[in-house]
Amino acid sequence: MIKIITIIGARPQIIKAAAISRAVRTSFSDRIKEVIVHTGQHYDHNMSAVFFDELKIPKEDYNLNVGSASHAVQTAEIMRLLEPVLEEEKPQGVLVYGDTNSTLAAALTAAKMHIPVIHVEAGMRSFNKTMPEEINRICCDHVSTMLFSPTSTGTENLCREGFSENARAPYSINNPLVVHCGDVMYDNSIYFAAEAGQKSTILSDLNLTSGEFTLCTIHRESNTDDAQNLNSIFRALLHIAENNKQKIVIPMHPRTSKILPQQLQPELAERLERNYDIQIIEPVSFMDMIVLESECNLIITDSGGVQKESYFFKKPCVILRDETEWVELVEQGTAVIGGTDTESIIDAFNKLKSKNLNFPPLFGDGHAAEFICEQIYSALN
Ligand code: UD1
Ligand code: UDP
């Protein structure tokens, strides 16, 4: 039996962790013991607790309760509080997801204690180091012992940075495993889609008709904290809603809800107030989210996870960023880089709304989590 510590902190990590926890519970319970540490980076009920119940994730064994703070303080606090937990638990590996401050802090802490870091969603790059996430991912990959990439683009990025896909066991920080494994988020979307369809009442709650609304999420630091970008995005959303009588549902991230009243120009705020086609709501549960994703006509987002889910649920996607890590979506033509310029967002929306699109499988077979568990067990056992 090996012991791994799984680190979660932000919403998408809690959701991703559901897939591996499920695989451990159903197929590896005699070989892998999972201890869960929640850093507390996200803490609102609808950003954290809601997912544990509905996705059947075991309650965390430790909560570091770090909460919100500047990048440096949040990262440092996680490191300071995690170190004694790792000392006490003595795991064979520390599993981290994605690219948040929780990911970086845990990877640095574990690597310096000579505990192998297992990075799920390794190798993703935007090639824009002004994004905090790009710094987090690069640093995390370079101290990892097992790098699981959801796409072949990810392994190619890693090879360009000096990693090799030919490493053989025993793996170490100096001889890391790099492997393309598919996406645990795809595992989850497949696994929960039918249940969500039965349980969620979000369409009737919001009085929505399938195929007649657009879903939008906005939370990227460069879009919320830059008033020009935020206003430009809302100008585009208002134009789309007003000119097409298009309903737009926005489950709003707390970061955006907090800053919007301060940043939005009065003229846009008034138009938003008058427009009943734009529905701003609280963040929703994962079951509600995947129903919104599967029943909408188009997705507009700056989220990494929601971009991918647009593909899983075969919906066109306008990306509210100047670049993406998920380049396959753009190459396939199902997603368009809308950036943050009002006109280019509107153009992207118009271009995609009536286009015939193909969604060949790109993100594995829905069993990435089992593959990852198998690899972890054989490497660390
Ligand atoms: C973080 C990640 C980002 C990820 C996102 C997922 C980093 C650097 N960023 O961004 O990569 O895409 O999570 O959602 O790690 N807040 C609340 N309640 C909460 C959580 C946050 O009100 O439960 C508010 C606070 O005002 C906080 C702000 O949101 O200051 C930002 O939260 P933070 O975790 O720092 O960054 P995110 O924007 O959520
Ligand atoms: N999500 C959710 N409720 C919401 C918005 C998003 O459950 O109101 C889910 C979404 O389906 C995806 C994940 O959260 O699985 C994406 O997280 P987020 O957009 O916060 O972060 P990112 O993926 O950009 O890091």
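Along the sequence shown, residues are numbered consecutively beginning with 1. Source: prediction; values computed, not measured. Indexing begins at 1, ligand by ligand and atom by atom, following the structure's order.
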Item to check | Pro150 to Ala122 - nearest heavy-atom pair and separation | outcome: CD-O, 3.8 Å

Checklist entry - For atom 5 (C) of ligand 2, which protein heavy atom lies nearest, and how many Å away is it? => result Arg11 NH1, 3.2 Å

Checklist entry - Which of the atoms in ligand 2, numbered in the order shown and given with their element, are less than 4.0 Å from a heavy-atom of Met185? => result 15 (O)

Checklist entry - For ligand 2, which atoms, with element, lie under 4.0 Å from some heavy atom of Val284? => result 2 (C), 3 (N), 4 (C), 7 (O), 8 (O)

Item to check | Proximity winner for atom 15 (O) of ligand 2, if only heavy atoms of Glu309, His42, Lys308 are counted | outcome: Glu309

Checklist entry - Of the protein's non-hydrogen atoms, which lies at the shortest distance from atom 38 (O) of ligand 1, and what is that distance? => result Arg255 NH1, 2.6 Å

Checklist outcome for this item: for atom 12 (O) of ligand 1, nearest protein heavy atom and its distance come out as His219 NE2, 2.8 Å

Item to check | Atoms in ligand 2 with a heavy atom of Pro251 nearer than 4.0 Å | outcome: 8 (O)

Checklist entry - Looking at ligand 1, does any of its N/O atoms fall within less than 3.5 Å of an N/O of Asn136? => result no

Next on the checklist: Please list, in number order, the atoms of ligand 2 under 4.0 Å from a heavy atom of Phe51.
Outcome noted: 7 (O)

Next on the checklist: Tell me if the NZ atom of Lys351 is crowded by more than 12 foreign heavy atoms within 6.0 Å.
Outcome noted: no

Item to check | Gln228 atom CD, over 12 foreign heavy atoms within 6.0 Å | outcome: no

Item to check | Close approach of Gln307 to ligand 2, heavy atoms, under 4.0 angstrom | outcome: no

Checklist entry - What is the nearest protein non-hydrogen atom to atom 23 (O) of ligand 2, stated with its residue, atom name and distance? => result Gly305 N, 2.8 Å

Checklist entry - Hey, which atoms in ligand 1 end up nearer than 4.0 Å to a heavy atom of Glu133? => result 3 (C), 9 (N), 11 (O)

Item to check | Arg220: numbered ligand 2 atoms lying under 4.0 Å from its heavy atoms | outcome: 24 (O)

Checklist entry - Are there more than 12 heavy atoms of other residues, nucleotides or ligands under 6.0 Å from atom CG of Asn207? => result no

Next on the checklist: Please check if the number of heavy atoms outside Lys355 that lie under 6.0 Å from its NZ is greater than 12.
Outcome noted: yes

Item to check | Criterion side-chain hydrogen bond (donor to acceptor under 3.5 Å, both in side chains) on His45 and Glu282, from CA distance to verdict | outcome: CA-CA 11 Å; His45 178 82; Glu282 291 283 308; over 6 Å; no

Next on the checklist: Just to be sure I read this right, does ligand 1 sit under 4.0 Å from the backbone of Arg220, its side chain, both, or neither, counting only heavy atoms?
Outcome noted: side chain

Item to check | Distance-minimising heavy-atom pair for Val318 and Gly338 | outcome: CG1-CA, 4.1 Å

Checklist outcome for this item: The closest protein heavy-atom partner of atom 8 (C) of ligand 1 is Asn101 OD1, 3.3 Å

Checklist entry - How close does the nearest protein non-hydrogen atom get to atom 19 (O) of ligand 2, and which residue and atom is it? => result Ser303 OG, 2.7 Å

Next on the checklist: Starting from atom 6 (C) of ligand 1, what is the nearest protein heavy atom, named by residue and atom, and what distance separates them?
Outcome noted: Pro12 CD, 3.5 Å

Item to check | Atoms of ligand 2, numbered as shown, that sit under 4.0 Å from any heavy atom of Gly304 | outcome: 22 (P), 23 (O), 24 (O)

Next on the checklist: Checking a contact table here: which protein heavy atom is nearest atom 25 (C) of ligand 1, and how many Å away?
Outcome noted: Ser68 OG, 3.4 Å

Item to check | Test: Arg137 and Glu133 ion pair at under 4.0 Å | outcome: no

Checklist entry - With a 4.5 Å limit on heavy-atom distance, are the side chains of Val330 and Ile337 in contact? => result yes

Checklist entry - Which residue holds the protein heavy atom closest to atom 1 (N) of ligand 2, what is that atom called, and what is the gap in Å? => result Met289 CG, 3.7 Å

Checklist entry - By number and element, which atoms of ligand 1 are closer than 4.0 Å to a non-hydrogen atom of Lys258? => result 17 (C), 22 (O), 24 (C), 25 (C), 26 (O)

Checklist entry - Is the shortest N/O to N/O distance between Asp44 and ligand 1 below 3.5 Å? => result yes

Next on the checklist: I'd like to check which ligand 1 atoms, numbered from 1 as shown, lie under 4.0 Å from a non-hydrogen atom of Ala10.
Outcome noted: 13 (O)

Checklist entry - Can you find a side-chain donor-acceptor pair between Thr340 and Ser232 that sits under 3.5 Å? => result no

Next on the checklist: Which residue is it: Val96, Thr145, Leu147? I am looking for the one with a side-chain contact (heavy atoms from CB on, under 4.5 Å) to Val117.
Outcome noted: Val96

Checklist entry - Which residue holds the protein heavy atom closest to atom 16 (N) of ligand 1, what is that atom called, and what is the gap in Å? => result Tyr43 OH, 3.6 Å

Next on the checklist: One residue to check: Ser102. Relative to ligand 1, which of side chain, backbone, both or neither has a non-hydrogen atom less than 4.0 Å away?
Outcome noted: neither

Item to check | Element-labelled atoms of ligand 2 that are located less than 4.0 Å from some non-hydrogen atom of Glu293 | outcome: 11 (O)

Checklist entry - What protein heavy atom is closest to atom 20 (C) of ligand 1, reported as residue, atom name and distance in Å? => result His42 CD2, 3.4 Å

Next on the checklist: Tell me whether the count of non-hydrogen atoms from other residues, nucleotides or ligands lying under 6.0 Å of OH in Tyr276 goes above 12.
Outcome noted: no

Next on the checklist: Hydrogens and angles aside, do Gln41 and Ser68 bring a side-chain donor and acceptor to less than 3.5 Å of each other?
Outcome noted: no

Checklist entry - Which distance, rounded to the nearest 0.5 Å, do you find between the CZ of Phe52 and the CD of Glu60? => result 4.5 Å

Checklist entry - Quick one: CG on Leu357 to CG on Leu352, what's the gap to the nearest 0.5 Å? => result 6.5 Å

Checklist entry - atom 25 (O) of ligand 2: which protein heavy atom is closest, and how many Å away? => result Pro12 CG, 3.5 Å

Next on the checklist: Suppose we measure from atom 1 (C) of ligand 1 to each protein heavy atom; which comes out shortest, and what is that distance?
Outcome noted: Gln41 NE2, 3.7 Å

Item to check | Residues Ser200 and Asp288: side-chain donor-acceptor under 3.5 angstrom | outcome: yes

Checklist entry - Identify the closest protein heavy atom to atom 13 (C) of ligand 2: which residue and atom is it, and at what distance? => result Ile15 CD1, 3.9 Å

Checklist entry - If you count the atoms of ligand 2 from 1 in the order shown, which ones are under 4.0 Å from a heavy atom of Pro283? => result 8 (O)

Next on the checklist: Is any side-chain heavy atom of Thr75 closer than 4.5 Å to one of Val73?
Outcome noted: no

Checklist entry - Can you find a heavy atom in the side chain of Ile15 that is under 4.5 Å from one in the side chain of Phe192? => result no

Next on the checklist: Could you tell me, atom by atom, which parts of ligand 1 come under 4.0 Å of a heavy atom of His71?
Outcome noted: 8 (C)

